[in-house]
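Please read the structure below before turning to the comments.
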Amino acid sequence: MGRKRCVGDCSKMAAGCCGVKKQKLSSSPPSGSGGPGGPHCSGESQCRGAELGLGGSGSGPGGSSRVNGLGCNNSLSPGCGTLSPGCGSSLSPGSRKMVVSAEMCCFCFDVLYCHLYGYQPPRTPRFTNDPYPLFVTWKIGRDKRLRGCIGTFSAMNLHSGLREYTLTSALKDSRFPPMTRDELPRLFCSVSLLTNFEDVCDYLDWEVGVHGIRIEFINEKGSKRTATYLPEVAKEQGWDHIQTIDSLLRKGGYKAAISNDFRKTIKLTRYRSEKMTMSYAEYLSHRQHHHFQNGIGHPLPPYNHYS
């Protein structure tokens with residue numbers, strides 16, 4: 001876009017809130033911009049930054065920063081088929097091979113299944129154990145309603161990170177009750193690995209549908225707040241740059257009128273992601289062909305259909 005860019009250190013990033021609910025965006029969006037139409041995620045996504053110092057963030061086991069929630073609508077955009085890279089994937093043809101894989105989604109289902117049925121956790125998986133910032137997202141039902149999403153901007157080894165955030169997102173997302181066995185047949189699991197973090201000097205220097213963004217700002221009371229949306233959120237919601245920024249400000253707890261001068265004070269970090277999604281039915285099919293791959297010695301779950 002021809003704007004000046006400042007490359008930042010993602011290890012210094014703090015976690016922020018990334019949930020979406022129906023919001024009143026800027027009262028005077030740019031002429032010709034589309035509204036934030038379409039269904040929104042169910043459940044509240046309040047950012048209690050006054051207590052935490054960060055919008056919707058907390059500390060996970062091991063001291064990693066934890067991010068609560070995901071912005072999404074109730075249906076996947078075209079091209080977001082299961083068992084394939086999701087809309088969050090921003091790798092272009094000819095770029096490096098993707099790290100995220102269907103096996104990572106299978107592992108998350110294994111971890112959740114073993115926990116809910118009281119089995120021993122699955123053994124160490126075979127996919128790479130390189131460290132990445134990551135998110136685990138659960139959606140449910142044919143309309144793919146958000147059921148839980150928590151992640152971290154701190155790079156974690158994938159084996160332990162996916163174990164941790166599988167259960168954290170399924171059981172400890174404050175917007176939802178803990179997940180139950182009965183919900184398993186209707187679940188979709190998505191794994192997002194975050195890459196290419198860059199601090200930018202212009203709050204408009206990012207591309208809708210390509211970059212996730214994390215903003216840092218000072219609220220009316222002088223407190224520093226943060227919030228984030230994964231790369232797919234703005235595109236799924238039909239938002240432009242200004243609407244996305246204003247939505248994040250509201251999600252981060254900013255209640256005053258939003259002016260262009262205030263937007264210019266925002267510190268923005270953009271990033272990319274690789275995303276893979278798998279349904280429970282596809283997980284069962286995979287398990288039937290790779291029954292002992294992750295050390296699962298118990299019977300297959302008692303579900304043989306998807307409803």
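These numbers come from the heavy atoms of this one structure, side chains and all, not from hydrogens, waters or symmetry mates. One is the number of the first residue; the rest follow in order along the sequence. This is a predicted model, so every value here is computed, not measured.
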Taking C-beta and beyond as the side chain, do [X] and [Y] meet within less than 4.5 Å on heavy atoms?
{"X": "His211", "Y": "Arg272", "answer": "yes"}
{"X": "Lys275", "Y": "Glu232", "answer": "yes"}
{"X": "Cys106", "Y": "Met278", "answer": "yes"}
{"X": "Pro131", "Y": "Asn157", "answer": "yes"}
{"X": "Ile245", "Y": "Leu268", "answer": "yes"}
{"X": "Phe262", "Y": "Leu249", "answer": "yes"}
{"X": "Arg287", "Y": "Asp110", "answer": "yes"}
{"X": "Leu158", "Y": "Thr128", "answer": "yes"}

Salt-bridge contact Arg147-Asp173 (side-chain N to carboxylate O under 4.0 Å):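 Salt bridge between Arg147 and Asp173, a charged N being under 4.0 Å from a carboxylate O: no.
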Is [X] reaching over with its side chain to a backbone N or O of [Y], donor-acceptor style, under 3.5 angstrom?
{"X": "Arg214", "Y": "Thr228", "result": "no"}
{"X": "Glu220", "Y": "Lys255", "result": "yes"}
{"X": "Glu236", "Y": "Val233", "result": "no"}
{"X": "His159", "Y": "Phe127", "result": "yes"}
{"X": "Glu164", "Y": "Gly161", "result": "no"}
{"X": "His115", "Y": "Val111", "result": "no"}
{"X": "Thr166", "Y": "Leu162", "result": "yes"}
{"X": "Glu274", "Y": "Met98", "result": "no"}
{"X": "Thr152", "Y": "Ser154", "result": "yes"}
{"X": "Arg225", "Y": "Tyr254", "result": "no"}

Which atoms form the tightest heavy-atom contact between [X] and [Y], and what is the distance?
{"X": "Leu112", "Y": "Leu187", "result": "CD2-CD1, 3.9 Å"}
{"X": "Cys189", "Y": "Phe109", "result": "CB-CE1, 3.6 Å"}
{"X": "Gly252", "Y": "Phe217", "result": "O-CZ, 3.8 Å"}
{"X": "Pro231", "Y": "Val210", "result": "CB-O, 3.7 Å"}
{"X": "Leu193", "Y": "Val191", "result": "CD2-CG1, 4.0 Å"}
{"X": "Leu194", "Y": "Leu230", "result": "CD2-CD2, 4.0 Å"}

Kindly state whether the ring of [X] and the ring of [Y] have centres lying under 6.0 angstrom apart.
{"X": "Tyr113", "Y": "Tyr283", "value": "no"}
{"X": "Tyr271", "Y": "Trp206", "value": "no"}
{"X": "Tyr165", "Y": "Phe135", "value": "no"}

Measure the spacing between [atom1] of [X] and [atom2] of [Y] and express it to the nearest 0.5 Å.
{"X": "Arg142", "Y": "Lys144", "atom1": "CZ", "atom2": "NZ", "result": "9.0 Å"}
{"X": "Cys201", "Y": "Lys264", "atom1": "SG", "atom2": "NZ", "result": "14.0 Å"}
{"X": "Gln237", "Y": "Thr244", "atom1": "CD", "atom2": "OG1", "result": "9.0 Å"}
{"X": "Cys114", "Y": "Arg163", "atom1": "SG", "atom2": "CZ", "result": "9.0 Å"}
{"X": "Thr137", "Y": "Leu134", "atom1": "OG1", "atom2": "CG", "result": "10.0 Å"}
{"X": "Glu282", "Y": "Thr277", "atom1": "CD", "atom2": "OG1", "result": "9.5 Å"}

Linked, directly or transitively: Ile213 and Leu204 (ILVMFWY side chains, under 4.5 Å): yes
Single-linkage hydrophobic cluster, 4.5 Å side-chain cutoff, Ile258 and Ile218 together: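 The answer is no; the residues belong to distinct hydrophobic clusters.
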Full working for ring-ring contact (aromatic ring centres under 6.0 Å, His included) between Trp239 and Tyr229: CA-CA 12 Å; Trp239 292 340; Tyr229 281 145; 5.6 Å; yes
Verdict with supporting geometry, Thr269 and Phe153, side-chain contact (heavy atoms from CB on, under 4.5 Å): CA-CA 12 Å; Thr269 301; Phe153 283 112; over 6 Å; no
In sequence, state the C-alpha distance, the side-chain angles, and the governing distance for Tyr203 and Asn260, and then conclude on side chain to side chain donor-acceptor pair (under 3.5 Å). CA-CA 10 Å; Tyr203 73 94; Asn260 195 49; 2.6 Å; yes
For side-chain contact (heavy atoms from CB on, under 4.5 Å), just list the numbers for Glu103 and His286, CA-CA rounded to whole Å, side-chain angles, deciding distance to a tenth of an Å, and then say yes or no. CA-CA 9 Å; Glu103 184 60 32; His286 187 277; 3.0 Å; yes
Verdict with reasoning, Arg263 to Ile242, per side-chain contact (heavy atoms from CB on, under 4.5 Å): CA-CA 9 Å; Arg263 295 185 190 103; Ile242 298 296; 3.6 Å; yes
